[in-house]
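What follows is a single structure, written as structure tokens, with notes after it.
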Amino acid sequence: MNKPIQVTRSSMPDFEEYTEEIKDLWESHWLTNMGAKHKQFEATLLKYLNIPNITLFTNGHLALECTIAALNLTGEVITTPFTFASTTHAIVRNGLEPVFCDINSDDYTIDVDKLESLITDKTCAIVPVHVYGNICNVKEIERIARKYDLKIIYDAAHAFGVTVDGVSIANFGDASMFSFHATKVFNTIEGGAVVYKGEKLAEILYDIKNFGITGPESVEYVGGNAKMNEFQAAMGICNLRHIDGEIEKRKAVVERYVERLGSIKGIKLVRPQTGVNSNYAYFPVVFDGYKLNRDEISEKLKAENIFARKYFYPLTSSFECYKGRFDVEKTPIAKYIAERVLTLPLYADLALEDVDRICDIILNYNRASNESNLEAAASLSRI
Ligand code: T4K
């Protein structure tokens, strides 16, 4: 049996590069609480993303949760259910009510044509998701938010390094959250960041991730602990040196998948978005009218030690913890896609021969020939 292939595999610097980077921590004994590595990493990221403000966090989820808290919102937040648990939980854990908008069937981001009809006098914000690194219709979302005076907080967990018409995706909305989790295009082991407009938010985010402490003897917010530590920041410093090369390698993997699966009836891929420089974060495939359904393909791959994932099934609106609260029928496209989507293995060092093997398993399976093989095997055993 071939060695297992998981849906992704963390990018890592050379061992020596990382150990060199963390060496001075043994001299300083300063391991966390916004130390030298944290400051250095923050400054490097500002440059890389070409943005004015960034706050680092210990993970993407707390980055999103703290940002929503920092904006001091009340009421309803429009978002999509075709995402990881984090997006919806971050809204609910802030005491806000998620209102689910459907996604579009092209890139699975929020359907801006359905957004406006969901706005009520209780709506305070929109939390759109750049799902798989596909970019939401940022212009239309901006127009709607301005018209109704709503905040926009992008869940950009998947979108680090993406640009639109040459502009970093970090520049849209009031704030965007990036995840630097081990499974992401760019990782700090665990980690995350928020980028935003306005100095005011900088102060609040800094305090909120550090228990709400604003001075030696003052605590102005009910904050938590969401600080990025020095080892995470050191990993970020190292990985950022290699990010462009990693994205290039991912691109080659995606191109091979597209070459093999791009024109197959019943297999739907996301088309490249106009003006968008992708980070090739995920490779979602929708099996719709193919000879095998999504679950059958998933099982076939598993039998060969290949572990694709059903990101994002089930919809967050159908989670047990939200039972009876939301109606999944109100987001029919999200429901349809979630039932048919499979994200295939994708990481920088995935060998093209492995991509071919994955495609062969998907393409070469033929129910009729498999049945006749089984019959042949059965008659052989009778001899
Ligand atoms: N918003 C969105 C839209 C998100 O997708 C996420 C996270 C967030 C917010 C929150 O960001 P963070 O708080 O996580 O920074 C994974 C990740 O844990 C999660 O970060 C990610 N989204 C989600 C889509 O996927 P799982 O439960 O599927 O991960 P797991 O442990 O099954 O790992 C998947 C594969 O990755 C493994 O089979 C092998 C590989 N892997 C995993 C780990 C942990 C590695 O190569 N190295 C590793 O260290 O959630």
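No hydrogens, no waters, no symmetry mates; every other heavy atom, side chains included, goes into these values. Counting starts at 1 for both ligands and their atoms, following the listed order. Not measured: the values here are computed from a predicted model.
Heavy atoms from other residues, nucleotides or ligands lying under 6.0 Å from CG of N50 number 12 at most. Surrounding CZ of R93 are at most 12 heavy atoms belonging to other residues, nucleotides or ligands under 6.0 Å away.
Ordered by chain and residue number, the residues placing a heavy atom less than 4.0 Å from ligand 1 are Q6, V7, T8, R9, S10, N59, G60, H61, T83, F84, S86, T87, D155, A157, H158, M177, S179, H181, A182, T183, K184, G191, Y282, R309, Y311, F312.
The residue from D111, T109, N134, N137 that alone fulfils the side chain to side chain donor-acceptor pair (under 3.5 Å) condition with N104 is T109.
Aromatic ring orientation, Y282 versus H158: tilted (interplanar angle from 30° to 60°).
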Which atom pairs, one a donor and one an acceptor, fall under 3.5 Å between side chains of residues 143-155 and the rest of the protein, sequence neighbours left out?
from : atom 1 : to   : atom 2 : distance (Å)
R143 : NE     : E140 : OE1    : 3.2
R143 : NE     : E140 : OE2    : 3.2
R143 : NH2    : E116 : OE1    : 3.3
R143 : NH2    : E140 : OE2    : 2.8
R146 : NE     : E142 : OE2    : 3.2
R146 : NH2    : E142 : OE2    : 3.3
K147 : NZ     : E116 : OE2    : 2.7
Y148 : OH     : E116 : OE2    : 2.8
D155 : OD1    : A157 : N      : 3.0
D155 : OD2    : T87  : OG1    : 2.8

Steps toward salt bridge (charged side-chain N to carboxylate O under 4.0 Å, His left out) verdict (R271, D106): CA-CA 8 Å; R271 275 204 225 114; D106 295 328; 5.9 Å; no

